[in-house]
Amino acid sequence: MAAPSPLPAANANTPLIEVSGLTKVYQTPAGAFTALGGIDLRIYPGEFVGVIGKSGSGKSTFINMLTGIDRPTTGDVTIGGVSLPGLDETGMARWRGRHLGIVFQFFQLLPTLTLVENLILPMELNGLYSRAERRARAMHLLEQVNLAAQADKLPGAVSGGQQQRAAIARALACDPPLIVADEPTGNLDSKTADAIFTLFAQMVKDGKTIIIVTHDADQARRVDRTILIADGKVVNEYLARALSALDYEQLAEVAGRVQPLTFASGATIVRQGETGDKFYILLDGQVDIVIERPSGAPVLVNQLSRGEYFGEMALLGKTVRQATVRVSPDHSAALAALDAAAFDRLVQEAPVLGRQLTRTLEQRQKANLARSRTGQPAG
Ligand code: ADP
Ligand code: MG
């Protein structure tokens, strides 16, 4: 098979951020505490990424490695080709000033400077723009967040939502490609939080890459991609997507219980007529669902891609496999598998998941039936 020419695709798909083998161990009076247990991740230009997870899971620790506010114990964070752990303090400050905008939960505007001065300061510190341009640019950014009328007020004289809007405008002052925000709406009422979130969404449309830690499930639904952190590790996103009916804690537990499996192109994963013993979630690649008929060619009834699952039919219905599942030609497949006992326990513990699976099952049975009557033969 001729591989596609790597050049244009490689340019378009060059990660902005590459995190590899990242760990953070804090030394505490009670001993060493592993806050991040090995994170590997790529984030691409223009992505709107939500970092979610329960309190204490390691979100801020992780974010602080991306901003260079703190340093990893082991591993690397490369942003735009620059390895952050390799920079000294001066180099880090210089790099951050030009490449990164940071928004904090508690705004952290300088209290003795007016809003417009708070925006001018980072441009001055980074030696960007002329004096006149700085003020014009600061005013323009304040207009964008609807704060032009408050420009000459001190932070203490405006509301929390206004302070956070000013802090967002400040993060944009040096026009960085990347904005990182740790619970930027955590201290705001829900209506204000929603407006702030809309500002971030607009910034993504304007071409920024944004990583935002959020506690809010409604906000988490508005990003392009969520990274769930549990106990200092990233839960596979496609596992999380497939089992979106579960809460963070249940997901983290399942993530610890699944067995990783890989199959080569064309390999059969489950065979029609056999007794089901596992539930599978597709983490990478593509699989074909094929119905074998007593007479005539097998029929391809469905194709699944990452974030989808199969194998629940036989387990839920306590029947034999209703279809054969094999890896699509020219693909390989990475899967997470749960054995029948673990699957049954999960469905009992999380009735919503049971209902989600049953709904999918009914839809698929209908579709399979329709397609197996009229469908094209499988290749
Ligand atoms: P989150 O932002 O998800 O709430 P954090 O990253 O702040 O979580 O913390 C993750 C874990 O690391 C927590 O158990 C926290 O108590 C611990 N931790 C964070 N910072 C330190 C520190 N400086 N020293 C020791 N332990 C820390
Ligand atoms: Mg935090």
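Start at 1 and go down the list; that is how both ligands and their atoms are numbered. Here, residue 1 is the first one in the sequence, and each next residue gets the next number.
Between Glu117 and Arg134 there is no salt bridge, since none of the side-chain N atoms of the basic residue sits less than 4.0 Å from a carboxylate O of the acidic one. A salt bridge between Lys191 and Asp194 is absent, with no side-chain N of the basic residue lying under 4.0 Å from a carboxylate O of the acidic one. Between Arg257 and Glu349 there is a salt bridge, since a side-chain N of the basic residue sits under 4.0 Å from a carboxylate O of the acidic one. Taking a cutoff of 4.0 Å between a charged side-chain nitrogen and a carboxylate oxygen, Arg94 and Asp88 do not qualify as a salt bridge. A salt bridge links Asp70 with Lys24: at least one charged nitrogen is closer than 4.0 Å to a carboxylate oxygen. Using a cut-off of 4.0 Å between Lys/Arg side-chain N and Asp/Glu carboxylate O, Asp284 and Arg306 are scored as salt-bridged.
Closest to atom 8 (O) of ligand 1, if we only count protein heavy atoms, is Gly58 N, 3.3 Å. Looking only at heavy atoms of the protein, atom 6 (O) of ligand 1 is closest to Thr61 OG1, 2.6 Å. Nearest to atom 13 (C) of ligand 1 among the protein's heavy atoms is Gly56 O, 3.7 Å. Scanning the protein heavy atoms around atom 27 (C) of ligand 1, the nearest turns out to be Tyr26 CD1, 3.2 Å.
Residues Leu154 and Thr112 form no side-chain contact, since every pair of their non-hydrogen atoms from C-beta on lies 4.5 Å or further apart. When side chains are defined from C-beta on, Leu361 counts as touching Leu316, because their heavy atoms get closer than 4.5 Å.
For a threshold of 3.5 Å applied to N or O pairs, the pair formed by Phe33 and ligand 1 contains no separation below that value.
Atoms of ligand 1 found under 4.0 Å from any heavy atom of Lys54 (numbered from 1 in listed order, with element): 3 (O). The Ser60 neighbourhood of ligand 1 comprises atoms 1 (P), 2 (O), 6 (O), 7 (O), with distances under 4.0 Å to a heavy atom of that residue. Every atom of ligand 1 with a heavy atom of Ala35 under 4.0 Å away is listed here by number and element: 12 (O).
Within the 4.0 Å heavy-atom shell around ligand 1 one finds Ser55.
Within a 4.0 Å radius of atom 19 (C) of ligand 1, the protein contributes one or more non-hydrogen atoms. Not a single protein heavy atom sits closer than 4.0 Å to atom 16 (O) of ligand 1.
Contacts with ligand 1 closer than 4.0 Å are made by side-chain heavy atoms of Thr28 only, the backbone lying farther away.
Taking backbone and side chain together, Ser60 holds an N, O or S atom under 2.8 Å from the Mg ion (ligand 2).
Inspection of the Ser328 and Asp288 side chains reveals an N or O donor paired with an N or O acceptor under 3.5 Å.
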